[in-house]
Amino acid sequence: MAESVIRLQDVRRYYVMGEFVVKALDGVSVDIKRGEFSSIMGPSGSGKSTMMNLIGCLDTPTSGLIDIDGENTAGLNETELAYIRNRKVGFVFQQFNLLGKLTALDNVIVPLLYAGMSVRERKQKALDALERVGLADRLHHRPNELSGGQKQRVAIARALVNDPTILLADEPTGALDTKTGNQIMELFEELNSEGRTVIFVTHDRELGMRCHRQIRIRDGRLEE
């Protein structure tokens, strides 16, 4: 049986807002195995974005244990969390988050700038990542010269360039038309077939059901 690459044990994330306490996550326990293709599903306000932020080391829990690829992240400081984010998690967002003044190639190089490698090595890794997502002919195009699907492929290449343990995608087809969204979904399916752990965060039931496992969350708790 495959080992767990993500483990949450009794994780709680509470926010104090004046006199009220918002229980964004309230005692969530879940294991995700290496190589799984999972979706975290739920309506707006369910806690799925909070769960994504905790898995992606963008936030820390109020209590509970979070283990990412063998490391307990719950008590780490911001510098330590940033290191894990850069090495172990590749992020893909709905709105692409590309730098408008940079070419596709330079956008993909950005995560490598602090990786301690030569300019030549950084460029080659970025070229390989863009070729993997089918954009070898768009290296020197800026985001305003690319279609929505091409922008998302650049974003996926950027997420892949550090060879992360986990690909974490937040509504990655939400800004795309149906046909382009299906093409992006097929790319994620290919990446998963190569052994990568892929996690989709989505409220789109049809998209979530294409993943091999559905983790449903509502009001900060797992439904099943």
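Keep in mind that what you see is a predicted model, and the values were worked out from it rather than measured. We number each residue from 1, following the sequence as shown.
Between T62 and Y14, the shortest heavy-atom distance links the atoms OG1-N, 2.8 Å. For the pair P111 and N107, the tightest heavy-atom approach, listed with the atom from each and the gap, is CD-O, 3.7 Å. Counting all heavy atoms, side chain and backbone alike, L160 lies closest to R132 at CD1-CG, 4.4 Å.
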Does the side chain to side chain donor-acceptor pair (under 3.5 Å) test come out yes or no for Q150 and H141, once each step is laid out? CA-CA 10 Å; Q150 289 169 338; H141 289 63; over 6 Å; no
Report the C-alpha distance between R210 and E189 in whole Å, list the side-chain angles of each, state the deciding distance to 0.1 Å, and finish with yes or no for salt bridge (charged side-chain N to carboxylate O under 4.0 Å, His left out). CA-CA 9 Å; R210 286 181 64 173; E189 288 169 341; 3.3 Å; yes
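Aromatic pair F200/F37: centroids less than 6.0 angstrom apart.
Residue E194 qualifies as enclosed at atom CD: its count of foreign heavy atoms under 6.0 Å is above 12. Counting non-hydrogen atoms of neighbouring residues, nucleotides and ligands closer than 6.0 angstrom, the CZ atom of R205 reaches no more than 12 such neighbours. Counting heavy-atom neighbours within 6.0 Å of E190 CD, excluding the residue itself, gives a total above 12. The environment of CG in D177 is crowded: more than 12 heavy-atom neighbours from other residues, nucleotides or ligands sit within 6.0 Å.
Between the side chain of T202 and the backbone N or O of M41, no donor-acceptor pair lies under 3.5 Å. Judged by distance alone, with hydrogens and angles left aside, the side-chain atoms of D69 form no donor-acceptor pair with the main-chain N or O of V5 at under 3.5 Å. In terms of modelled atom types and a separation under 3.5 Å, the side chain of Q214 and the main chain of G208 share a donor-acceptor contact. Remark: the backbone N or O of I68 is not paired with any side-chain donor or acceptor of E71 at under 3.5 angstrom. A donor-acceptor pair is defined here as one N or O able to donate and one able to accept, closer than 3.5 Å; such a pair exists between the side chain of R158 and the backbone of F96. Panel note: side chain Q124, backbone E121; no donor-acceptor pair is recorded below 3.5 Å. With N162 contributing its side chain and P164 its backbone, the two residues share no donor-acceptor pair below 3.5 Å. In this structure, R142 contributes its side chain and K101 its backbone to a donor-acceptor pair below 3.5 Å. A donor-acceptor pair is defined here as one N or O able to donate and one able to accept, closer than 3.5 Å; such a pair exists between the side chain of T103 and the backbone of D106. Listed for the Q152 side chain is a donor-acceptor partner under 3.5 Å among the backbone atoms of F93.
Within the 4.5 Å cutoff, side-chain heavy atoms of I84 are placed close to those of L76. Residues H212 and S38 form no side-chain contact, since every pair of their non-hydrogen atoms from C-beta on lies 4.5 Å or further apart. Side-chain contact between E36 and I166 is absent, with no heavy atoms from C-beta onward closer than 4.5 Å.
For the atom pair CD1 (I184) and NZ (K151), the distance works out to 12.5 Å, reported to the nearest 0.5 Å. Of the inter-residue distances, the one linking D128 atom CG with L130 atom CG reads 9.5 Å to the nearest 0.5 angstrom. In this structure, CE in M51 is found 8.0 Å from CD1 in I6, a value given to the nearest 0.5 Å. A distance of 11.0 Å separates CG of N72 from CZ of R7, quoted to the nearest 0.5 Å.
Geometrically, R13 engages Y15 in a cation-pi contact, judged by NZ or CZ lying under 6.0 Å from the ring centre and within 45° of the ring axis.
For residues 41-51, no pair satisfies side chain to side chain donor-acceptor pair (under 3.5 Å), with sequence neighbours left out.
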